[in-house]
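Presented below is the structure to which this report refers.
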Amino acid sequence: MSSPAAGAQAAPPLPAIEVHDLTVAYRTQPVLWDVDLALPEGKLIAVVGPNGAGKSTLLKSVLGLVKPVAGWVRIFGEPAESRRSWVGYVPQRESVDWDFPTSALDVVTMGTYGRLGWFRRPGAKDRARALDCLHKVGIRDLAGRQISQLSGGQQQRVFLARALAQEARLYLMDEPFAGVDATTERAIVSLLKDLRAAGRTVVAVHHDLQTVPEYFDWVVLLNLRLVAAGPVETTFTPENLHGTYGGRLTLLQQAATAYLEQRPRAAAGAVERPGLGH
Amino acid sequence: MSLSFSAQNVVAGSVLLGAIGGTLGAFALLRRQSLLGDALAHAALPGVGLAFLLTLSKSPLVLLGGALVSGIVGALAVLGMARYSRIKEDAAIGIVLSVFFGFGIVLLTHIQKLPAGNQSGLDKFLFGQAAALMRKDIVLMAIVGTVVIATIALFWKELKLVTFDRGFAGSIGLPTGPLEIVLTAALVVTVVVGLQTVGVVLMIATLVTPAAAARQWTDRFGTMVVLSAGIGALAAAAGALASASVDALPTGPAIVLASSALLLVSLFLAPQRGLLRAFGRERALRRRIRAENLLKDLWLEAEREGKPGALVPVPILMGKRGSRAAELAHTARGLARRGFVARDGGDLDLTAAGRIEAERVVRKHRLWETYLAERLRLPADHLHRDAETMEHALSDETLEELDAKLGYPSHDPHGRAIPRTHAPARVPAGSGR
């Protein structure tokens, strides 16, 4: 693994997330291609792009859930593996079976597992913290409810409360607003603002382009490669959006597929990158 | 009844297997790996045959060793096919299960024709033969059971998290791959140990059936695992005892029948998820709809006549919805008991309380029609049928919200008044929630 170019930019504050040259492929299907990114601390950041643009994959790479073909990720200047306890995660709501036999409080308590470490069981203090997090998302009264008996919005709030229980500095959220009612959407927005006020960083995959300027400070426009990233005022422009959602990238996509397909399988995991210039 | 020494062995072995199978079955069920367990069991059969052919030994350790190896090969074949080829997991399971099982049967048939004489015991691996369990088999099962249950207890919180939400588990740094391997390995070992008792064909039932039954009774993961182990043990004891006292009743099928009976009871009788409860709920709903319809029909009749109340003959009410006389009488009796309907010979009328109830139903119907016409711009002849359903489904809360949102209209799209005599105080406009 190469080391970050230390002298290239003398920006004093450490970025919350720094991604360099990240390329991810599922088998021969490229999902992220040569992404360079530095996201500042203390901002609410939207990740925007069409379906299959690699938005979830970007979050998962930062979390270390998918192995990149090339590139590296740093969280507050350190490799992701040594920064796990700094990061809270809200997966997509559909990623779990909500008929699982467990209660809302139990799911939120899972947010304390990371700090507990191996073998130790959550105690009264951890459950009290989980209850407090349920209170913050406005559903403390549903703590004992079996999770399949919660509405979609309430389930999303349970996931958010679990992330809060992680007491992280950086929160990665995969479509927190997907399929929630208006009340929950307002609750999530005010929660995000509270997190920002407390100096936390939130990176959220977001689908509703209309609300990006209202809810977020920064935006990352993604479509296989990085189209643009920066403050909403300067980056969330019609040209950039056209670059993200327009059909211009098909050529690059084809090139990426062709490249990965002709590589021998054994090399698929190797840290080697194509000679395509930026 | 006192049990012979060998019968004690049978019961002890079966109960141990039932408890371990139930424990791991709960995990397999929730991880949707039930069928993998089935493929595993079937894939173990050729291993038994090959181990015998290679060593000509009938020692359980040798035969189970062979079963273990071919079971693992089978499991890896399933996972590999699903991962690296275009064959989906369900198809991969079907292929591996039948190919390995077929090969196993060929081997067993071949072995049966050998002159070696000491081959006859192998067919017990097909359907299980707990009567042949020896002391050392029980010891082996006890060791496996202790290791499996201790492992699960030790990594309880981690295994639970991996089972519920793999992605989140990975995000906090848990080694999800190794943890899943631990669970799958425990499943393989349990299946192999259970082969002598239950046999390859029915092994899956000792895993899935207790777990499915346990899920019916509880919404807590820990309770489910313990309950599943208990149901597995109970069914195994019942099956083993039945098999010991009835001639020519093989243990495996007897255990499966016992656990299936427990599952059947659970499916119907469980308090929350049981089918009886679901039927009951549906019946209550139908009864409520019939009652609301009768109230509404009486109210409409009074509206037509321009009076606050009207005595309506039962045959006219029957004609409105084609109801049967007995059904209508039953509904009317229920409403009379609740003080909503007064009866005068064969005629019915609403009481004051009944009018309030009826008005709410009519208000829901007409407001919904107004909503459909105004907001969704549906033509007038498309409104009624939808409103007939919604008048029973809308909650009172939603009703008030709808009323406020539409600006408290006085008439529905057909020009009929929307009754509001008994409606609660209005929420002032602008303060809407």
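Throughout, a chain's letter reflects where its sequence line sits, starting with A, and its residues are numbered from 1.
Using a 30° and 60° split on the angle between ring planes, A:Phe100 and B:Phe164 fall in the tilted class, from 30° to 60°.
To the nearest 0.5 angstrom, A:Phe159 atom CZ is 4.5 Å from B:Asp165 atom CG. Note that the CE atom of B:Met224 and the OG1 atom of A:Thr102 stand 12.0 Å from one another [nearest 0.5 Å]. For the atom pair A:Gln166 CD and B:Ile172 CD1, the distance stands at 7.0 Å (nearest 0.5 Å). Once rounded to the nearest 0.5 Å, the distance linking CG of B:Asp219 with OG of A:Ser103 reads 9.5 Å.
In this structure, A:Arg120 places its CZ atom where only 12 or fewer heavy-atom neighbours from other residues, nucleotides or ligands lie under 6.0 Å away. Heavy-atom contacts from other residues, nucleotides or ligands closer than 6.0 Å to CZ of B:Arg283 number 12 or fewer. Taking a 6.0 Å sphere around CZ of A:Arg121, one finds it holds more than 12 heavy atoms contributed by other residues, nucleotides or ligands. Counting heavy-atom neighbours within 6.0 Å of B:Phe221 CZ, excluding the residue itself, gives a total above 12. Heavy atoms of other residues, nucleotides or ligands lying less than 6.0 angstrom from CD of B:Glu180 number more than 12. The environment of B:Arg277 atom CZ is dense: over 12 non-hydrogen atoms of other residues, nucleotides or ligands sit within 6.0 angstrom.
Contact of the B:Phe155 side chain with the A:Phe119 side chain is registered, since non-hydrogen atoms from C-beta on lie closer than 4.5 Å. Residues A:Pro101 and B:Leu30 are in side-chain contact: their nearest non-hydrogen atoms beyond the backbone lie under 4.5 Å apart. Between A:Val107 and B:Phe168 the shortest side-chain heavy-atom distance does not fall below 4.5 Å.
Contact tally against chain B (heavy-atom pairs below 4.5 Å) for A:Val87, A:Asp106, A:Ile147: the top residue is A:Asp106.
In this structure, chain A has no heavy atom under 4.5 Å from any part of B:Thr223. When heavy atoms are compared at a cutoff of 4.5 Å, B:Arg273 approaches chain A solely by way of its side chain, counted from C-beta outward. Looking at A:Leu172, there are no atoms closer than 4.5 Å to chain B (heavy atoms on both sides), in backbone or side chain. For B:Arg166, no part lies under 4.5 angstrom from a heavy atom of chain A. Looking at A:Gln92, neither its backbone nor its side chain comes within 4.5 Å of chain B, counting heavy atoms on both sides.
For the pair A:Trp118 and B:Lys157, the tightest heavy-atom approach, listed with the atom from each and the gap, is C-NZ, 4.0 Å. The shortest heavy-atom contact between A:Leu65 and B:Ser171 is CD2-N, 3.5 Å.
The pair A:Asp99-B:Arg215 meets the salt-bridge criterion, since a charged nitrogen lies less than 4.0 angstrom from a carboxylate oxygen.
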